[in-house]
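For reference, the structure discussed in these notes is given below.
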Amino acid sequence: MKWEQLLSTQRLGMENQASRPDDRTEFQRDYDRLIFSAPFRRLQNKTQVFPLPGSIFVHNRLTHSLEVSSVGRSLGNDVSRLLLQNQPWLYSTHLTELGSIVSAACLAHDMGNPPFGHSGEKAIGTFFSEGKGLWLKDYFCEETGDRLTAEQWEDLVHFEGNANAFRLLTHHFKGRRKGGFVMTYSTLASIVKYPFTSDMAGKKAKFGFFRQDQENYELIANALGIKKISENPDSCHYARYPLVYLVEAADDICYEIMDIEDAFKLKILTEEETKASLLGFFDAEQREHIEERLQTVSDTNEQIVYLRSVAINCLEGECVRVFVENEEQILAGEFKGSLIDHISDIPRQAYQRCEALSYKKIYRSKNVIDIEMAGFKVITELLDLMTQAVTHTDKAYSQLLINRVSTQYDIEASTLYGRIMAVIDYISGMTDVYALDLYRRINGMSLEAI
């Protein structure tokens with residue numbers, strides 16, 4: 001893969017139109033389109049890990065995405081600067097704009113996630129694989145002869161927020177211009193962490209795009225010269241687009257470090273546990289210097305903020321180094337794992353300890369489990385009602401439910417797969433509060449303000 005081809009301002013849905021005169025670059029325009037979009041604003045009311053805040057503020061999907069975007073911009077700018085030092089002929093490409101591309105992609109990376117955090121994502125997949133939606137696997141409409149193919153079923157049972165983000169940005173929803181958000185090819189390619197179809201998801205159940213959106217990804221990949229790995233006509237498997245590694249690193253850095261800070265605020269982790277976790281990224285000499293600086297700050301919360309900032313800075317620098325040192329492998333599509341997997345021993349081991357601590361004390365805490373259970377209940381109930389409605393449209397109650405869905409979702413599509421995907425589009429786009437409110441109204445628990 002070559003930088004000259006990988007970095008493109010071409011826009012999905014506007015391939016034959018010239019760029020408009022603007023002081024902003026095309027990639028800055030991507031960023032601005034995302035910031036001002038309704039799906040991005042809805043992230044403020046979607047759970048990241050902890051339940052939405054009461055008196056103590058913790059991260060939601062919106063604040064997380066903004067922080068990831070900030071770290072992503074630093075990663076892109078630093079990588080760009082170092083690559084151009086060694087390859088000055090690349091100044092004629094868009095390599096100088098890596099920070100803008102990565103920061104825009106980071107803004108978008110979680111836009112496809114459903115309400116209630118990661119449990120919402122899992123609830124959708126398990127609804128089809130082991131829940132009430134399992135009957136749809138063998139459903140056959142005698143009137144139209146329509147049924148789900150094996151490939152389409154894989155999309156449903158392996159539902160993935162990353163694939164849904166690509167769909168949200170590229171799918172031609174009703175009432176929207178062709179090409180979704182009409183983003184640049186480079187920004188779109190940067191969010192696809194798993195560039196293959198759902199039948200190749202494996203045990204991790206991760207994939208990059210739904211069957212309905214495969215054509216869009218292939219168009220982008222071929223235009224950018226992304227290396228194709230599988231030649232199987234029934235599957236689609238590409239190498240990772242290089243900037244995906246930077247978007248992934250920004251996300252990895254932010255969620256791990258910020259979850260530690262949030263857990264301290266919520267008193268899930270003690271001051272000693274939090275400080276030890278964040279100081280663990282440094283050798284003895286660095287730690288001594290940091291601890292000296294800590295003595296100048298009396299407020300414990302501010303001490304944690306300082307430790308968080310130096311830990312993020314350490315990881316950012318390490319990931320930049322790994323990317324630049326492995327540029328050749330990355331461009332060849334042969335780099336294995338994430339950038340975090342290849343950082344130096346001390347910070348990598350500290351990161352792994354943070355992961356273990358998070359799993360033990362944060363992700364299995366009572367508050368987190370409670371929101372996961374509630375999310376499962378709400379999402380599976382909504383999915384059950386809506387899938388019944390789109391497969392039994394002759395029922396009076398089905399029509400009531402269908403009429404409640406926004407016209408942008410093709411809930412009356414000609415195919416079963418199209419209708420079910422429209423249901424998922426509708427539910428995954430909800431905020432936590434909206435999903436809960438709709439669940440209560442449907443079940444007759446809330447009738448006020450109607």
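Predicted model, so just to flag it, every value in this text is computed and none were measured. Heads up: numbering here begins at 1 and tracks the sequence.
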Hydrogens and angles aside, do [X] and [Y] bring a side-chain donor and acceptor to less than 3.5 Å of each other?
X    : Y    : value
S103 : S100 : no
T63  : N60  : yes
S74  : E316 : no
S338 : D341 : yes
D155 : S198 : yes
D110 : S65  : no
Q87  : E327 : yes

Take H109 and N162 through the side chain to side chain contact (heavy atoms under 4.5 Å, CB included) test and state the conclusion after the steps.
CA-CA 7 Å; H109 83 284; N162 186 247; 5.5 Å; no
May I ask you to check if R33 and F40 form a cation-pi contact, with NZ or CZ under 6.0 angstrom from the six-membered ring centre and within 45° of the axis?
no
Can a cation-pi geometry be assigned to R240 and Y245, taking NZ or CZ under 6.0 Å from the six-membered ring centre and within 45° of the ring axis?
yes
To the closest 0.5 Å, what do you measure between CD (Q349) and CD1 (I343)?
10.0 Å
Just verifying a value: how many Å separate T274 OG1 and D262 CG, rounded to the nearest 0.5 Å?
10.5 Å
Please give me the minimum heavy-atom distance between [X] and [Y], naming the atom from each residue.
X    : Y    : value
S358 : I260 : OG-CD1, 3.8 Å
G112 : S428 : O-CB, 4.3 Å
G133 : W153 : O-CH2, 3.6 Å
L169 : A108 : CD1-CB, 3.7 Å
L75  : A250 : CD1-N, 3.7 Å
M430 : P115 : O-CD, 3.4 Å

According to the interplanar angle, ranging from 0 to 90°, do the rings of Y238 and Y217 count as parallel (below 30°), tilted (30 to 60°) or perpendicular (above 60°)?
perpendicular
Which label fits F323 and W3: parallel for a plane angle under 30°, tilted from 30 to 60°, or perpendicular past 60°?
tilted
With distance as the sole test, does [X] use its side chain to make a donor-acceptor pair with the main-chain N or O of [Y] at under 3.5 Å?
X    : Y    : answer
R419 : E412 : no
Q399 : T393 : yes
N222 : E218 : yes
S344 : I346 : no
T391 : T387 : yes
Y241 : L6   : yes
E160 : G208 : no

Do [X] and [Y] come within less than 4.5 Å of each other through their side chains, counting heavy atoms only?
X    : Y    : value
V320 : L82  : yes
V423 : Y426 : no
M111 : K46  : no
H342 : E325 : no
P114 : F159 : yes
H94  : S186 : no
L98  : L243 : yes
I220 : F166 : yes

Under the criterion salt bridge (Lys or Arg N to Asp or Glu O under 4.0 Å), I'd like the reasoning laid out for E261 against R308: C-alpha separation, chi angles, the key distance, then a yes or no.
CA-CA 7 Å; E261 183 182 8; R308 174 254 290 164; 2.9 Å; yes
Working note: E318 + R348, criterion salt bridge (Lys or Arg N to Asp or Glu O under 4.0 Å); need CA distance, chi angles, decisive distance, verdict.
CA-CA 10 Å; E318 282 287 314; R348 187 181 73 253; over 6 Å; no
Partner of L12 under side-chain contact (heavy atoms from CB on, under 4.5 Å), picked from V182, L219, T184, is L219
In this structure, which one of D251, D259, L43 forms a side-chain contact (heavy atoms from CB on, under 4.5 Å) with H64?
D251
So for atom CD, which belongs to E215, do other residues, nucleotides or ligands contribute more than 12 heavy atoms lying within a distance under 6.0 Å?
no
Less than 6.0 angstrom separating the ring centers of [X] and [Y], yes or no?
X    : Y    : answer
F207 : Y194 : no
F210 : H171 : no
Y397 : H392 : no

Kindly determine whether F128 and I424 satisfy side chain to side chain contact (heavy atoms under 4.5 Å, CB included), including the steps that lead there.
CA-CA 12 Å; F128 295 103; I424 293 175; 4.0 Å; yes
For side-chain hydrogen bond (donor to acceptor under 3.5 Å, both in side chains), just list the numbers for D213 and T170, CA-CA rounded to whole Å, side-chain angles, deciding distance to a tenth of an Å, and then say yes or no.
CA-CA 8 Å; D213 310 306; T170 62; 4.7 Å; no
Just do the salt bridge (Lys or Arg N to Asp or Glu O under 4.0 Å) check on R81 and D78 with the steps written out, would you?
CA-CA 5 Å; R81 175 175 50 80; D78 288 347; 3.5 Å; yes
Starting from the C-alpha separation in whole Å, work towards a yes-or-no answer on side chain to side chain contact (heavy atoms under 4.5 Å, CB included) for S129 and T126.
CA-CA 5 Å; S129 64; T126 54; 4.0 Å; yes
Go through T415 and D146 one step at a time and tell me if the side-chain hydrogen bond (donor to acceptor under 3.5 Å, both in side chains) criterion holds.
CA-CA 7 Å; T415 66; D146 191 21; 5.0 Å; no
Between R61 and Q44, is the side-chain hydrogen bond (donor to acceptor under 3.5 Å, both in side chains) condition met? List the steps.
CA-CA 6 Å; R61 288 280 181 190; Q44 70 180 311; over 6 Å; no
Partner of D30 under side chain to side chain donor-acceptor pair (under 3.5 Å), chosen from T9, T187, T25:
T187
Test K122 against E372 for salt bridge (Lys or Arg N to Asp or Glu O under 4.0 Å), laying out the working first.
CA-CA 10 Å; K122 191 172 183 180; E372 288 184 351; over 6 Å; no
Go through it in stages, so that I can follow the logic: the residues are R147 and Q152, the test is side chain to side chain contact (heavy atoms under 4.5 Å, CB included), and I'd like the CA-CA distance, side-chain angles, deciding distance and then a yes or no.
CA-CA 10 Å; R147 65 180 3 141; Q152 291 167 347; over 6 Å; no
